[in-house]
Amino acid sequence: MLSDEIYQQLAALVGDKKITREATELSYWGKDSTSLIANAAAIIFPQNIEQLQAVVQLANREKIALVPSAGRTGLSGGAVAAQGELVVSLRDMNSIKQFNAVDRTVVCEAGVITADLQAYAEQQGLYYPVDFASSGSSLIGGNISTNAGGIKVLKYGMTRQWVAGLKVVTGAGDILDMNKSLLKNNTGYDLQQLLIGAEGTLGFIAEATMRLTRSPENLTVLLLAVPSLSALLQVLAHFQAGMELTAFEFFSEQALQKVTTQLQLQRPCDEVGQYYTLIEFEAKDEAIVDQAMALFEQCLEQGIALDGVMSQSQAQYQSLWRLREEISSVLAQWQPFKHDLSVPPSQQGEFLLEVEKIISELAPQYQVIWYGHIGDGNVHLNILKPDELNKTDFDLSCKLLSEEIFKHLASYQGSVSAEHGIGLLKKDYLHYSRSDLEIALMKGIKQQFDPNGIMNPGKIFS
Ligand SMILES: Cc1cc2nc3c(=O)[nH]c(=O)nc-3n(C[C@H](O)[C@H](O)[C@H](O)COP(=O)(O)OP(=O)(O)OC[C@H]3O[C@@H](n4cnc5c(N)ncnc54)[C@H](O)[C@@H]3O)c2cc1C
(Lines give C-alpha, C1' and ligand atoms only; values in the text may rest on other atoms or scores of the structure.)
Protein backbone atom coordinates (compact mmCIF):
# COMPACT_ATOMS: atom_id res chain seq x y z
CA MET A 1 0.00 0.00 0.00
CA LEU A 2 1.14 3.58 -0.63
CA SER A 3 2.08 5.90 2.20
CA ASP A 4 0.47 9.35 2.27
CA GLU A 5 3.84 10.87 1.50
CA ILE A 6 4.34 8.82 -1.68
CA TYR A 7 0.73 9.48 -2.69
CA GLN A 8 1.39 13.23 -2.42
CA GLN A 9 4.60 12.90 -4.45
CA LEU A 10 2.66 11.09 -7.19
CA ALA A 11 -0.08 13.75 -7.08
CA ALA A 12 2.59 16.41 -7.53
CA LEU A 13 3.70 14.70 -10.77
CA VAL A 14 0.26 14.53 -12.45
CA GLY A 15 -1.97 16.94 -10.53
CA ASP A 16 -4.43 16.21 -7.69
CA LYS A 17 -7.31 15.43 -10.04
CA LYS A 18 -5.37 12.74 -11.91
CA ILE A 19 -4.84 10.38 -9.01
CA THR A 20 -7.41 8.74 -6.77
CA ARG A 21 -7.77 6.19 -3.98
CA GLU A 22 -11.49 6.48 -3.57
CA ALA A 23 -12.89 2.96 -2.90
CA THR A 24 -15.33 2.71 -5.84
CA GLU A 25 -12.66 3.99 -8.24
CA LEU A 26 -10.16 1.44 -6.92
CA SER A 27 -12.48 -1.48 -7.60
CA TYR A 28 -13.54 -0.09 -10.99
CA TRP A 29 -10.08 0.69 -12.38
CA GLY A 30 -8.28 -2.15 -10.60
CA LYS A 31 -9.85 -4.97 -12.64
CA ASP A 32 -10.40 -6.22 -16.17
CA SER A 33 -13.08 -8.41 -17.82
CA THR A 34 -12.27 -11.43 -15.65
CA SER A 35 -13.99 -12.04 -12.31
CA LEU A 36 -10.73 -11.50 -10.39
CA ILE A 37 -11.11 -9.11 -7.45
CA ALA A 38 -9.25 -5.79 -7.45
CA ASN A 39 -7.09 -4.69 -4.55
CA ALA A 40 -5.41 -1.55 -5.90
CA ALA A 41 -3.60 1.06 -3.79
CA ALA A 42 -4.37 3.99 -6.09
CA ILE A 43 -5.08 4.86 -9.71
CA ILE A 44 -3.03 7.42 -11.58
CA PHE A 45 -3.73 8.95 -14.99
CA PRO A 46 -0.59 10.43 -16.60
CA GLN A 47 -1.29 13.01 -19.31
CA ASN A 48 1.87 12.60 -21.39
CA ILE A 49 5.03 10.53 -21.72
CA GLU A 50 7.04 12.85 -19.48
CA GLN A 51 4.59 12.34 -16.60
CA LEU A 52 4.51 8.60 -17.30
CA GLN A 53 8.31 8.46 -17.14
CA ALA A 54 8.35 10.46 -13.89
CA VAL A 55 5.86 8.00 -12.33
CA VAL A 56 8.00 5.01 -13.37
CA GLN A 57 11.18 6.67 -12.05
CA LEU A 58 9.52 7.39 -8.69
CA ALA A 59 8.19 3.82 -8.58
CA ASN A 60 11.75 2.55 -9.08
CA ARG A 61 13.11 4.73 -6.28
CA GLU A 62 10.34 3.73 -3.88
CA LYS A 63 9.90 0.12 -5.11
CA ILE A 64 6.22 0.56 -5.98
CA ALA A 65 4.61 -2.17 -8.09
CA LEU A 66 2.78 -0.80 -11.16
CA VAL A 67 -0.08 -2.29 -13.19
CA PRO A 68 -0.49 -0.81 -16.68
CA SER A 69 -4.14 -0.41 -17.51
CA ALA A 70 -5.88 0.28 -20.81
CA GLY A 71 -9.50 -0.56 -21.73
CA ARG A 72 -9.64 -3.38 -19.11
CA THR A 73 -11.34 -5.74 -21.56
CA GLY A 74 -8.55 -8.30 -21.08
CA LEU A 75 -9.60 -11.88 -20.38
CA SER A 76 -6.52 -13.11 -18.50
CA GLY A 77 -6.29 -10.78 -15.49
CA GLY A 78 -3.29 -8.91 -16.95
CA ALA A 79 -4.64 -5.51 -15.91
CA VAL A 80 -5.86 -6.65 -12.48
CA ALA A 81 -4.21 -5.02 -9.45
CA ALA A 82 -4.66 -7.83 -6.93
CA GLN A 83 -1.72 -7.12 -4.60
CA GLY A 84 -2.02 -3.46 -3.62
CA GLU A 85 -0.30 -2.12 -6.76
CA LEU A 86 -0.54 1.35 -8.24
CA VAL A 87 -2.67 1.19 -11.40
CA VAL A 88 -1.34 3.41 -14.18
CA SER A 89 -4.17 4.09 -16.62
CA LEU A 90 -3.20 5.34 -20.07
CA ARG A 91 -6.80 6.46 -20.67
CA ASP A 92 -5.92 10.17 -20.97
CA MET A 93 -3.05 9.70 -23.43
CA ASN A 94 -5.47 9.32 -26.30
CA SER A 95 -4.58 11.60 -29.16
CA ILE A 96 -4.07 10.55 -32.76
CA LYS A 97 -1.04 12.62 -33.61
CA GLN A 98 0.14 12.21 -37.13
CA PHE A 99 -0.95 10.55 -40.36
CA ASN A 100 1.44 9.73 -43.19
CA ALA A 101 -0.41 8.95 -46.44
CA VAL A 102 2.70 7.73 -48.26
CA ASP A 103 3.84 5.35 -45.51
CA ARG A 104 0.21 4.56 -44.65
CA THR A 105 0.96 4.95 -40.97
CA VAL A 106 -0.64 6.77 -38.10
CA VAL A 107 1.01 7.75 -34.83
CA CYS A 108 -1.28 7.37 -31.86
CA GLU A 109 -0.92 7.50 -28.11
CA ALA A 110 -1.52 4.27 -26.21
CA GLY A 111 -4.93 5.38 -24.94
CA VAL A 112 -6.62 5.62 -28.35
CA ILE A 113 -9.72 3.39 -28.46
CA THR A 114 -9.40 0.63 -31.08
CA ALA A 115 -12.68 1.63 -32.78
CA ASP A 116 -11.49 5.26 -32.96
CA LEU A 117 -8.38 4.16 -34.83
CA GLN A 118 -10.57 2.12 -37.18
CA ALA A 119 -12.83 5.17 -37.76
CA TYR A 120 -9.81 7.45 -38.27
CA ALA A 121 -8.38 5.05 -40.86
CA GLU A 122 -11.72 5.05 -42.66
CA GLN A 123 -11.72 8.86 -42.79
CA GLN A 124 -8.39 8.61 -44.61
CA GLY A 125 -9.85 6.08 -47.07
CA LEU A 126 -7.83 3.30 -45.40
CA TYR A 127 -8.40 0.40 -43.04
CA TYR A 128 -7.14 -0.76 -39.65
CA PRO A 129 -7.99 -4.46 -39.76
CA VAL A 130 -7.57 -5.71 -36.18
CA ASP A 131 -11.14 -6.12 -34.98
CA PHE A 132 -13.11 -7.91 -32.26
CA ALA A 133 -16.21 -7.51 -30.12
CA SER A 134 -14.40 -5.31 -27.58
CA SER A 135 -13.04 -2.80 -30.14
CA GLY A 136 -15.33 -0.11 -28.73
CA SER A 137 -13.64 -0.24 -25.31
CA SER A 138 -10.16 -1.70 -25.72
CA LEU A 139 -7.21 0.67 -26.26
CA ILE A 140 -4.32 0.42 -28.70
CA GLY A 141 -1.79 0.06 -25.85
CA GLY A 142 -3.79 -2.89 -24.48
CA ASN A 143 -4.11 -4.47 -27.93
CA ILE A 144 -0.36 -4.23 -28.49
CA SER A 145 0.46 -5.51 -25.01
CA THR A 146 -1.71 -8.60 -25.55
CA ASN A 147 -0.87 -8.88 -29.27
CA ALA A 148 -4.62 -9.10 -29.77
CA GLY A 149 -6.02 -11.24 -32.59
CA GLY A 150 -9.72 -11.15 -33.37
CA ILE A 151 -11.94 -11.99 -36.28
CA LYS A 152 -9.73 -11.00 -39.24
CA VAL A 153 -6.49 -12.79 -38.37
CA LEU A 154 -6.99 -15.25 -41.23
CA LYS A 155 -6.23 -12.51 -43.76
CA TYR A 156 -4.58 -9.73 -41.76
CA GLY A 157 -2.69 -11.40 -38.92
CA MET A 158 -2.41 -10.29 -35.29
CA THR A 159 -1.78 -6.79 -33.89
CA ARG A 160 1.98 -7.41 -34.10
CA GLN A 161 1.82 -7.17 -37.88
CA TRP A 162 0.40 -3.64 -37.74
CA VAL A 163 2.92 -2.07 -35.39
CA ALA A 164 5.44 0.04 -37.33
CA GLY A 165 7.08 1.72 -34.35
CA LEU A 166 6.81 2.02 -30.58
CA LYS A 167 7.71 4.64 -28.00
CA VAL A 168 8.12 2.97 -24.64
CA VAL A 169 8.96 3.84 -21.04
CA THR A 170 10.89 0.81 -19.84
CA GLY A 171 10.51 -0.65 -16.37
CA ALA A 172 13.79 1.08 -15.51
CA GLY A 173 12.23 4.45 -16.43
CA ASP A 174 14.11 5.02 -19.71
CA ILE A 175 12.46 6.10 -22.96
CA LEU A 176 13.00 3.89 -26.01
CA ASP A 177 11.89 5.12 -29.45
CA MET A 178 11.94 2.04 -31.65
CA ASN A 179 11.87 1.35 -35.37
CA LYS A 180 10.14 4.61 -36.37
CA SER A 181 8.04 3.29 -39.27
CA LEU A 182 10.78 1.50 -41.18
CA LEU A 183 9.63 -1.41 -43.31
CA LYS A 184 13.14 -2.86 -43.40
CA ASN A 185 15.49 -2.58 -40.45
CA ASN A 186 17.87 -5.49 -39.91
CA THR A 187 20.03 -3.90 -37.24
CA GLY A 188 20.30 -6.53 -34.58
CA TYR A 189 17.69 -7.72 -32.12
CA ASP A 190 14.19 -6.38 -32.73
CA LEU A 191 13.44 -5.09 -29.22
CA GLN A 192 10.09 -3.69 -30.31
CA GLN A 193 8.77 -7.20 -30.85
CA LEU A 194 9.58 -8.07 -27.22
CA LEU A 195 7.23 -5.36 -25.97
CA ILE A 196 4.38 -6.65 -28.16
CA GLY A 197 2.47 -9.26 -26.18
CA ALA A 198 4.55 -8.62 -23.02
CA GLU A 199 1.38 -7.80 -21.03
CA GLY A 200 2.97 -4.77 -19.40
CA THR A 201 5.74 -6.76 -17.71
CA LEU A 202 8.65 -4.98 -19.44
CA GLY A 203 7.52 -1.36 -19.64
CA PHE A 204 4.78 0.99 -20.78
CA ILE A 205 3.79 1.49 -24.38
CA ALA A 206 3.28 5.24 -24.55
CA GLU A 207 2.86 5.73 -28.28
CA ALA A 208 2.62 3.51 -31.34
CA THR A 209 2.95 4.00 -35.06
CA MET A 210 0.34 1.76 -36.61
CA ARG A 211 0.18 0.60 -40.21
CA LEU A 212 -3.01 0.97 -42.23
CA THR A 213 -4.01 -0.80 -45.41
CA ARG A 214 -6.41 -0.50 -48.32
CA SER A 215 -10.09 -0.69 -47.39
CA PRO A 216 -11.74 -3.99 -48.24
CA GLU A 217 -14.41 -3.81 -50.92
CA ASN A 218 -17.99 -4.84 -50.27
CA LEU A 219 -17.39 -7.24 -47.38
CA THR A 220 -19.96 -10.00 -47.58
CA VAL A 221 -20.69 -12.85 -45.23
CA LEU A 222 -22.02 -16.30 -45.85
CA LEU A 223 -23.45 -18.16 -42.86
CA LEU A 224 -23.61 -21.94 -43.23
CA ALA A 225 -25.22 -24.53 -40.95
CA VAL A 226 -23.07 -27.68 -40.87
CA PRO A 227 -23.86 -31.15 -39.51
CA SER A 228 -20.63 -31.92 -37.63
CA LEU A 229 -17.18 -30.75 -36.68
CA SER A 230 -15.52 -32.75 -39.43
CA ALA A 231 -17.94 -31.22 -41.96
CA LEU A 232 -17.04 -27.76 -40.63
CA LEU A 233 -13.35 -28.41 -41.24
CA GLN A 234 -14.07 -29.76 -44.72
CA VAL A 235 -16.04 -26.57 -45.49
CA LEU A 236 -13.02 -24.55 -44.31
CA ALA A 237 -10.66 -26.47 -46.60
CA HIS A 238 -13.10 -26.24 -49.52
CA PHE A 239 -13.52 -22.46 -49.26
CA GLN A 240 -9.84 -21.79 -48.63
CA ALA A 241 -8.95 -23.73 -51.74
CA GLY A 242 -11.59 -21.89 -53.78
CA MET A 243 -11.33 -18.22 -52.85
CA GLU A 244 -9.62 -15.63 -50.69
CA LEU A 245 -11.33 -15.22 -47.31
CA THR A 246 -11.10 -12.39 -44.79
CA ALA A 247 -12.63 -14.37 -41.90
CA PHE A 248 -13.76 -17.91 -41.07
CA GLU A 249 -15.45 -18.04 -37.67
CA PHE A 250 -17.62 -20.67 -36.03
CA PHE A 251 -20.07 -21.22 -33.19
CA SER A 252 -22.12 -24.14 -31.91
CA GLU A 253 -25.89 -24.60 -32.03
CA GLN A 254 -25.93 -24.07 -28.24
CA ALA A 255 -24.17 -20.71 -28.68
CA LEU A 256 -26.71 -19.70 -31.33
CA GLN A 257 -29.61 -20.71 -29.08
CA LYS A 258 -28.28 -18.62 -26.19
CA VAL A 259 -27.75 -15.53 -28.37
CA THR A 260 -31.07 -15.71 -30.24
CA THR A 261 -33.04 -16.41 -27.05
CA GLN A 262 -31.38 -13.79 -24.86
CA LEU A 263 -31.38 -11.03 -27.48
CA GLN A 264 -34.63 -12.11 -29.16
CA LEU A 265 -33.00 -12.39 -32.57
CA GLN A 266 -34.19 -14.41 -35.56
CA ARG A 267 -32.43 -17.69 -36.30
CA PRO A 268 -30.41 -17.17 -39.49
CA CYS A 269 -31.65 -20.21 -41.46
CA ASP A 270 -34.26 -22.96 -41.37
CA GLU A 271 -32.05 -26.02 -40.89
CA VAL A 272 -30.48 -26.73 -37.51
CA GLY A 273 -26.77 -27.53 -37.65
CA GLN A 274 -24.44 -28.81 -34.97
CA TYR A 275 -22.20 -25.86 -35.82
CA TYR A 276 -22.42 -22.68 -37.90
CA THR A 277 -19.70 -20.89 -39.77
CA LEU A 278 -19.42 -17.26 -40.83
CA ILE A 279 -17.36 -17.01 -44.00
CA GLU A 280 -16.40 -13.46 -44.93
CA PHE A 281 -14.95 -12.32 -48.25
CA GLU A 282 -14.64 -9.25 -50.43
CA ALA A 283 -17.38 -9.37 -53.07
CA LYS A 284 -15.42 -7.16 -55.45
CA ASP A 285 -17.42 -8.27 -58.48
CA GLU A 286 -20.17 -10.65 -59.57
CA ALA A 287 -17.68 -13.40 -60.44
CA ILE A 288 -16.57 -13.61 -56.79
CA VAL A 289 -20.16 -13.79 -55.55
CA ASP A 290 -20.85 -16.54 -58.12
CA GLN A 291 -17.75 -18.41 -56.95
CA ALA A 292 -18.90 -18.22 -53.31
CA MET A 293 -22.35 -19.49 -54.32
CA ALA A 294 -20.79 -22.34 -56.33
CA LEU A 295 -18.63 -23.40 -53.36
CA PHE A 296 -21.68 -23.24 -51.09
CA GLU A 297 -23.71 -25.42 -53.47
CA GLN A 298 -20.86 -27.95 -53.68
CA CYS A 299 -20.86 -28.10 -49.87
CA LEU A 300 -24.62 -28.77 -49.91
CA GLU A 301 -24.18 -31.51 -52.53
CA GLN A 302 -21.43 -33.17 -50.49
CA GLY A 303 -23.60 -33.04 -47.38
CA ILE A 304 -21.03 -30.96 -45.48
CA ALA A 305 -23.44 -28.00 -45.33
CA LEU A 306 -27.14 -28.19 -44.54
CA ASP A 307 -28.33 -24.67 -45.23
CA GLY A 308 -26.98 -21.16 -45.59
CA VAL A 309 -27.61 -17.49 -46.12
CA MET A 310 -25.51 -14.79 -47.82
CA SER A 311 -25.72 -11.16 -46.73
CA GLN A 312 -27.43 -8.96 -49.33
CA SER A 313 -27.02 -5.62 -47.57
CA GLN A 314 -24.87 -3.90 -44.96
CA ALA A 315 -27.68 -4.36 -42.42
CA GLN A 316 -27.83 -8.11 -43.07
CA TYR A 317 -24.03 -8.34 -42.96
CA GLN A 318 -24.08 -6.73 -39.52
CA SER A 319 -26.96 -8.83 -38.20
CA LEU A 320 -25.20 -12.06 -39.22
CA TRP A 321 -21.95 -10.93 -37.57
CA ARG A 322 -23.94 -9.97 -34.46
CA LEU A 323 -24.79 -13.65 -33.91
CA ARG A 324 -21.08 -14.33 -33.45
CA GLU A 325 -19.96 -11.13 -31.74
CA GLU A 326 -22.59 -11.15 -28.99
CA ILE A 327 -21.72 -14.65 -27.76
CA SER A 328 -19.12 -13.57 -25.21
CA SER A 329 -21.32 -10.95 -23.53
CA VAL A 330 -24.43 -13.18 -23.60
CA LEU A 331 -22.53 -16.04 -21.91
CA ALA A 332 -21.29 -13.76 -19.11
CA GLN A 333 -24.43 -14.44 -17.02
CA TRP A 334 -23.32 -18.10 -16.67
CA GLN A 335 -19.93 -16.96 -15.30
CA PRO A 336 -18.14 -19.26 -17.74
CA PHE A 337 -14.71 -20.76 -17.18
CA LYS A 338 -12.98 -19.76 -20.40
CA HIS A 339 -10.25 -21.36 -22.44
CA ASP A 340 -8.56 -19.77 -25.44
CA LEU A 341 -6.82 -22.70 -27.10
CA SER A 342 -4.94 -23.16 -30.32
CA VAL A 343 -3.58 -26.18 -32.13
CA PRO A 344 -2.41 -26.51 -35.74
CA PRO A 345 -5.57 -25.97 -37.86
CA SER A 346 -5.24 -29.42 -39.43
CA GLN A 347 -5.47 -31.10 -36.00
CA GLN A 348 -8.26 -29.16 -34.37
CA GLY A 349 -11.04 -31.60 -35.32
CA GLU A 350 -9.39 -34.46 -33.46
CA PHE A 351 -8.39 -32.18 -30.57
CA LEU A 352 -11.88 -30.76 -30.01
CA LEU A 353 -13.43 -34.22 -29.92
CA GLU A 354 -10.86 -35.32 -27.33
CA VAL A 355 -11.60 -32.29 -25.15
CA GLU A 356 -15.33 -33.00 -25.36
CA LYS A 357 -14.64 -36.58 -24.31
CA ILE A 358 -12.57 -35.43 -21.31
CA ILE A 359 -15.34 -33.09 -20.14
CA SER A 360 -18.15 -35.59 -20.69
CA GLU A 361 -16.23 -38.23 -18.71
CA LEU A 362 -15.00 -36.02 -15.85
CA ALA A 363 -17.75 -33.39 -15.62
CA PRO A 364 -20.83 -34.52 -17.55
CA GLN A 365 -23.00 -32.01 -15.64
CA TYR A 366 -21.27 -29.03 -17.28
CA GLN A 367 -22.61 -27.40 -20.43
CA VAL A 368 -19.89 -26.60 -22.94
CA ILE A 369 -20.11 -23.84 -25.56
CA TRP A 370 -17.64 -23.68 -28.44
CA TYR A 371 -17.03 -20.71 -30.70
CA GLY A 372 -14.11 -18.80 -32.11
CA HIS A 373 -11.62 -18.31 -34.84
CA ILE A 374 -11.52 -21.83 -36.25
CA GLY A 375 -9.95 -20.60 -39.50
CA ASP A 376 -6.87 -19.69 -37.38
CA GLY A 377 -6.86 -22.94 -35.35
CA ASN A 378 -8.08 -20.93 -32.32
CA VAL A 379 -11.16 -22.06 -30.40
CA HIS A 380 -12.83 -20.55 -27.35
CA LEU A 381 -14.10 -23.20 -24.96
CA ASN A 382 -16.62 -21.89 -22.43
CA ILE A 383 -17.72 -24.13 -19.56
CA LEU A 384 -20.93 -22.73 -18.05
CA LYS A 385 -21.44 -22.64 -14.30
CA PRO A 386 -24.54 -24.58 -13.21
CA ASP A 387 -26.87 -22.40 -11.07
CA GLU A 388 -26.65 -24.76 -8.08
CA LEU A 389 -22.85 -24.57 -7.83
CA ASN A 390 -21.05 -21.66 -6.16
CA LYS A 391 -18.35 -19.88 -8.19
CA THR A 392 -15.44 -20.97 -5.97
CA ASP A 393 -16.28 -24.68 -6.19
CA PHE A 394 -16.98 -24.35 -9.91
CA ASP A 395 -13.63 -22.65 -10.61
CA LEU A 396 -11.81 -25.24 -8.52
CA SER A 397 -13.29 -28.15 -10.45
CA CYS A 398 -12.63 -26.38 -13.78
CA LYS A 399 -8.98 -25.95 -12.79
CA LEU A 400 -8.68 -29.70 -12.26
CA LEU A 401 -10.34 -30.21 -15.62
CA SER A 402 -7.92 -27.71 -17.17
CA GLU A 403 -4.93 -29.85 -16.21
CA GLU A 404 -6.40 -32.76 -18.18
CA ILE A 405 -7.24 -30.55 -21.16
CA PHE A 406 -3.78 -28.99 -21.17
CA LYS A 407 -2.03 -32.36 -20.99
CA HIS A 408 -3.78 -33.24 -24.24
CA LEU A 409 -3.07 -29.79 -25.66
CA ALA A 410 0.65 -30.22 -24.95
CA SER A 411 0.66 -33.46 -26.91
CA TYR A 412 -0.54 -31.42 -29.92
CA GLN A 413 2.10 -28.75 -29.16
CA GLY A 414 -0.78 -26.33 -28.82
CA SER A 415 -1.06 -23.03 -26.95
CA VAL A 416 -2.78 -22.49 -23.59
CA SER A 417 -3.50 -18.94 -24.71
CA ALA A 418 -3.93 -18.24 -28.40
CA GLU A 419 -4.71 -14.53 -28.15
CA HIS A 420 -5.82 -13.47 -24.65
CA GLY A 421 -2.41 -13.64 -22.97
CA ILE A 422 -1.31 -15.34 -19.76
CA GLY A 423 -1.86 -12.66 -17.09
CA LEU A 424 -2.79 -14.14 -13.72
CA LEU A 425 -5.30 -16.71 -14.92
CA LYS A 426 -3.09 -18.85 -17.13
CA LYS A 427 0.33 -18.54 -15.51
CA ASP A 428 0.11 -21.90 -13.73
CA TYR A 429 -0.31 -23.50 -17.16
CA LEU A 430 2.44 -21.64 -19.06
CA HIS A 431 4.72 -24.69 -18.79
CA TYR A 432 2.34 -26.68 -21.01
CA SER A 433 3.24 -24.37 -23.92
CA ARG A 434 6.73 -23.10 -23.04
CA SER A 435 9.83 -25.03 -21.99
CA ASP A 436 11.73 -24.33 -18.75
CA LEU A 437 14.52 -22.81 -20.83
CA GLU A 438 12.13 -20.47 -22.64
CA ILE A 439 10.62 -19.34 -19.33
CA ALA A 440 14.09 -18.78 -17.86
CA LEU A 441 15.07 -16.68 -20.91
CA MET A 442 11.85 -14.65 -20.56
CA LYS A 443 12.69 -13.94 -16.92
CA GLY A 444 16.18 -12.85 -17.98
CA ILE A 445 14.70 -10.42 -20.52
CA LYS A 446 12.39 -9.01 -17.86
CA GLN A 447 15.37 -8.44 -15.59
CA GLN A 448 17.02 -6.31 -18.32
CA PHE A 449 13.98 -4.13 -18.96
CA ASP A 450 12.70 -4.01 -15.39
CA PRO A 451 15.61 -4.54 -12.96
CA ASN A 452 13.55 -3.70 -9.86
CA GLY A 453 10.64 -5.93 -10.86
CA ILE A 454 8.06 -3.14 -10.59
CA MET A 455 6.24 -3.81 -13.90
CA ASN A 456 3.09 -5.88 -13.46
CA PRO A 457 4.73 -8.33 -11.02
CA GLY A 458 3.22 -11.81 -10.86
CA LYS A 459 1.81 -11.62 -14.38
CA ILE A 460 2.85 -14.29 -16.94
CA PHE A 461 5.15 -15.90 -14.31
CA SER A 462 5.98 -15.39 -10.64
C1 LIG B 1 -16.38 -9.33 -25.51
C2 LIG B 1 -14.90 -9.49 -25.67
C3 LIG B 1 -14.40 -10.00 -26.86
C4 LIG B 1 -13.02 -10.15 -27.04
N5 LIG B 1 -12.57 -10.66 -28.22
C6 LIG B 1 -11.25 -10.78 -28.41
C7 LIG B 1 -10.75 -11.31 -29.64
O8 LIG B 1 -11.51 -11.70 -30.53
N9 LIG B 1 -9.41 -11.39 -29.79
C10 LIG B 1 -8.54 -10.99 -28.81
O11 LIG B 1 -7.33 -11.07 -29.00
N12 LIG B 1 -8.98 -10.51 -27.62
C13 LIG B 1 -10.31 -10.40 -27.41
N14 LIG B 1 -10.76 -9.94 -26.21
C15 LIG B 1 -9.79 -9.61 -25.14
C16 LIG B 1 -9.35 -8.12 -25.07
O17 LIG B 1 -10.35 -7.28 -25.58
C18 LIG B 1 -8.05 -7.89 -25.81
O19 LIG B 1 -7.01 -8.63 -25.20
C20 LIG B 1 -7.62 -6.41 -25.83
O21 LIG B 1 -6.54 -6.26 -26.69
C22 LIG B 1 -7.25 -5.87 -24.46
O23 LIG B 1 -7.12 -4.47 -24.59
P24 LIG B 1 -7.43 -3.51 -23.37
O25 LIG B 1 -7.19 -2.13 -23.83
O26 LIG B 1 -8.75 -3.77 -22.79
O27 LIG B 1 -6.29 -3.95 -22.36
P28 LIG B 1 -6.32 -4.24 -20.79
O29 LIG B 1 -7.24 -5.35 -20.49
O30 LIG B 1 -6.51 -2.97 -20.05
O31 LIG B 1 -4.81 -4.72 -20.60
C32 LIG B 1 -4.33 -5.89 -21.21
C33 LIG B 1 -2.87 -6.13 -20.81
O34 LIG B 1 -2.04 -5.13 -21.39
C35 LIG B 1 -1.33 -4.41 -20.38
N36 LIG B 1 -1.29 -3.01 -20.82
C37 LIG B 1 -2.36 -2.23 -21.08
N38 LIG B 1 -1.94 -1.03 -21.55
C39 LIG B 1 -0.59 -1.07 -21.58
C40 LIG B 1 0.41 -0.14 -21.98
N41 LIG B 1 0.12 1.06 -22.45
N42 LIG B 1 1.71 -0.52 -21.87
C43 LIG B 1 2.04 -1.75 -21.40
N44 LIG B 1 1.13 -2.65 -21.01
C45 LIG B 1 -0.17 -2.33 -21.12
C46 LIG B 1 -2.12 -4.65 -19.10
O47 LIG B 1 -1.31 -4.56 -17.93
C48 LIG B 1 -2.61 -6.06 -19.33
O49 LIG B 1 -1.60 -6.98 -19.00
C50 LIG B 1 -12.14 -9.79 -25.99
C51 LIG B 1 -12.64 -9.28 -24.80
C52 LIG B 1 -14.00 -9.14 -24.62
C53 LIG B 1 -14.50 -8.59 -23.33
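All ligand and atom numbering here is 1-based and tracks the order in the structure.
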- Item | Under 3.5 Å: N/O of Glu199 near N/O of ligand 1 | yes
- Message: I need the contact type for His420 against ligand 1. Using non-hydrogen atoms and a strict under-4.0 Å cut-off, is it side chain, backbone, both or neither?
- Response: side chain
- Message: My understanding is that we take every heavy atom of each candidate and find the minimum distance to atom 2 (C) of ligand 1. Doing that for Ser134, Ser138, Ser329, which one comes out nearest?
- Response: Ser134
- Should you measure from each heavy atom of Gly200, which atoms of ligand 1 turn up under 4.0 Å away? 43 (C), 44 (N)
- Message: Between ligand 1 and Gly203, can you find any atom pair, the residue atom being a heavy atom, that is separated by under 4.0 Å?
- Response: yes
- Side chains of Glu253 and Tyr276: do they bring a donor and an acceptor to under 3.5 Å? yes
- Provide the number and element of each atom of ligand 1 under 4.0 Å from a heavy atom of Glu419. 7 (C), 8 (O), 9 (N), 10 (C), 11 (O)
- Can His420 and Thr146 be counted as having a side-chain donor-acceptor contact under 3.5 angstrom? no
- Message: When you compare ligand 1 with Ala110, is there at least one nitrogen or oxygen pair between them that comes in under 3.5 angstrom?
- Response: no
- What's the verdict on salt bridge (charged side-chain N to carboxylate O under 4.0 Å, His left out) for Lys391 and Asp395, showing C-alpha distance, side-chain angles and the deciding distance? CA-CA 6 Å; Lys391 180 82 173 116; Asp395 284 350; 2.9 Å; yes
- Item | Close-contact set for ligand 1 against Gly150 heavy atoms, below 4.0 Å | 7 (C), 8 (O), 9 (N)
- Lys443 vs Glu438, salt bridge (charged side-chain N to carboxylate O under 4.0 Å, His left out): CA-CA, chis, key distance, verdict: CA-CA 9 Å; Lys443 288 181 177 173; Glu438 283 178 294; over 6 Å; no
- Is there a donor-acceptor pair under 3.5 Å between the side chain of Asn185 and the backbone N or O of Asn179? no
- Message: I'd like to know if Glu199 pairs up with Lys459 as an ion pair, taking the criterion as any Lys NZ or Arg NE/NH1/NH2 lying under 4.0 Å from an Asp or Glu carboxylate oxygen.
- Response: no
- ligand 1 and Phe204, any nitrogen or oxygen pair closer than 3.5 angstrom? no
- For Leu202, does its backbone N or O pair with a side-chain atom of Asp450 as donor and acceptor, under 3.5 Å? no
- Just checking, is any N or O donor in the side chain of Trp321 or Glu280 under 3.5 Å from an acceptor N or O on the other one? yes
- Task: From the options Val168, Leu75, Asn143, Thr159, select the one whose nearest heavy atom is closest to atom 21 (O) of ligand 1.
- Result: Asn143
- Using a 4.0 Å heavy-atom cut-off, say whether Ile205 meets ligand 1 through its side chain, its backbone, both or neither. both
- Using only heavy-atom distances, determine whether the side chains of Asn456 and Thr201 contain a donor-acceptor pair under 3.5 Å. no
- Message: With respect to Ala148, determine whether any N or O atom, backbone or side chain, lies less than 3.5 Å from an N or O atom of ligand 1.
- Response: no
- Message: With nothing but distance in play, are any N or O atoms of Gly78 less than 3.5 Å from an N or O of ligand 1?
- Response: yes
- Message: Can you confirm, on distance only, whether ligand 1 has an N/O atom lying under 3.5 Å from any N/O atom belonging to His380?
- Response: no
- Query: Counting from 1, what ligand 1 atoms have a heavy atom of His373 closer than 4.0 Å?
  - Reply: 8 (O)
- Query: Is it true that the side chains of Gln118 and Asp131 contain a donor and an acceptor less than 3.5 Å apart?
  - Reply: yes
- Give the residue, atom name and distance (to 0.1 Å) of the protein heavy atom nearest atom 28 (P) of ligand 1. Arg72 N, 3.5 Å
- Item | Any N or O of Asn456 closer than 3.5 Å to N or O of ligand 1 | yes
- Item | Within-cut-off N or O pair, Leu139 and ligand 1, under 3.5 Å | yes
- Ignoring hydrogens and angles, state whether a donor on the side chain of Ser462 or Lys427 is under 3.5 Å from an acceptor on the partner side chain. yes
- Looking only at side chains, do Gln262 and Glu326 share a donor and an acceptor under 3.5 Å apart? no
- Of all the atoms in ligand 1, which lie at a distance below 4.0 Å from a heavy atom belonging to Thr146? 19 (O), 20 (C), 21 (O), 32 (C), 33 (C)
- Note on the structure: Near Leu90 (heavy-atom distance under 4.0 Å), the atoms of ligand 1 are 41 (N)
- Check each of Thr34, Val330, Thr114, Thr73 against atom 51 (C) of ligand 1 and report the one with the nearest heavy atom. Thr73
- Do Lys97 and Glu207 meet the salt-bridge criterion of a basic N to acidic O distance under 4.0 Å? yes
- Message: Is there a polar contact between ligand 1 and Gly149, counting only N or O atoms under 3.5 Å apart?
- Response: yes
- Message: Quick check on contacts: which atoms of ligand 1 are under 4.0 angstrom from a heavy atom of Ser328?
- Response: 1 (C)
- Query: Among Ser145, Pro68, Gly74, which residue places a heavy atom closest to atom 46 (C) of ligand 1?
  - Reply: Pro68
- Task: Dump the intermediate steps for side-chain hydrogen bond (donor to acceptor under 3.5 Å, both in side chains) on Arg72 and Tyr28, then the final yes or no.
- Result: CA-CA 10 Å; Arg72 296 171 303 104; Tyr28 178 77; 3.3 Å; yes
